[in-house]
Amino acid sequence: MRILLSRAGRALPVVAAAAALAAVTALPAATASASVASPVVRAAVGDEAPYIVTVHKDVDPARVARMVGASPDYVYRTALHGFSARLSPGQVAALHVIPGVESVQEDGGVSSFGTAG
């Protein structure tokens, strides 16, 4: 389903991404572990989809989730370093410009056709 947005609605993801990038780049290295509080507009539940976000090993996945106003379902720190959460299109756009974010992938089901062997 395609959703048509007004000019202001199309600009929101860009503004959110720019704000997230500015917040990250403005932090000195010594305060990089401090939490960054910035207002994030939450989308309607129907606009959110499940995503898996991976980050560099030296980046705190829970902190990245807080930066975009996401509530992680799970935070991964062993085999995978990142988090899973339901994200709006604006949050996805913001994550793409945050340094240290390696990937943002929509979570989906996995199925097998046939048998192994």
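Nothing fancy with the numbering, it's 1 onward along the sequence.
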Engineer: Within the side chain of E106, is there an N or O that forms a donor-acceptor pair under 3.5 Å with the backbone of A49?
Structural biologist: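 No, because the side chain of E106 does not come within donor-acceptor range (under 3.5 Å) of the backbone of A49.
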
Engineer: Testing V55, I52, I98, V92 one by one against V104 for a side chain to side chain contact (heavy atoms under 4.5 Å, CB included), which residue passes?
Structural biologist: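 So, applying the side chain to side chain contact (heavy atoms under 4.5 Å, CB included) to V104 and each of V55, I52, I98, V92, only V92 qualifies.
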
Engineer: Mind checking side-chain hydrogen bond (donor to acceptor under 3.5 Å, both in side chains) for Q105 and listing every partner two or more places apart, or none if nothing turns up?
Structural biologist: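 Residues passing side-chain hydrogen bond (donor to acceptor under 3.5 Å, both in side chains) with Q105: none at all.
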
Engineer: Give, for atom CG of L95 and atom OG of S103, the distance between the pair rounded to the nearest 0.5 Å.
Structural biologist: 10.0 Å

Engineer: Atom CZ in F83, atom OH in Y76: separation rounded to 0.5 Å?
Structural biologist: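 It comes to 10.5 Å.
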
Engineer: Ignoring hydrogens, what is the shortest heavy-atom contact between P61 and G82? Give both atom names and the distance.
Structural biologist: CB-O, 3.4 Å

Engineer: Rounded at 0.5 Å granularity, tell me how far OH in Y51 sits from CG in D107.
Structural biologist: 10.5 Å

Engineer: Of all heavy-atom pairs between Q91 and E48, which one has the smallest distance, and what is that distance?
Structural biologist: OE1-OE2, 4.3 Å

Engineer: For residues 72-84, which residue pairs pass the salt bridge (charged side-chain N to carboxylate O under 4.0 Å, His left out) check, not counting sequence neighbours?
Structural biologist: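 Salt bridge (charged side-chain N to carboxylate O under 4.0 Å, His left out) check on residues 72-84 returns D60-R77.
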
Engineer: Please report the shortest heavy-atom distance between S71 and A85, naming the atom on each side.
Structural biologist: O-CB, 3.7 Å

Engineer: For H96, give me all partners under side-chain hydrogen bond (donor to acceptor under 3.5 Å, both in side chains), at least two apart in sequence or on another chain.
Structural biologist: none

Engineer: Filter on salt bridge (charged side-chain N to carboxylate O under 4.0 Å, His left out), then keep only pairs touching residues 92-102, sequence neighbours left out; what's left?
Structural biologist: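 Listed by first then second residue: nothing to list.
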
Engineer: For a quick test of reading the model, state the closest non-hydrogen atom pair linking P89 to D47 and the distance between them.
Structural biologist: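 Taking every non-hydrogen atom into account, CD-O, 3.4 Å.
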
Engineer: Quick check: is L80 connected to V59 through a chain of hydrophobic side chains (ILVMFWY, heavy atoms under 4.5 Å apart)?
Structural biologist: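 Different clusters: V59 never reaches L80 through Ile, Leu, Val, Met, Phe, Trp or Tyr contacts under 4.5 Å.
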
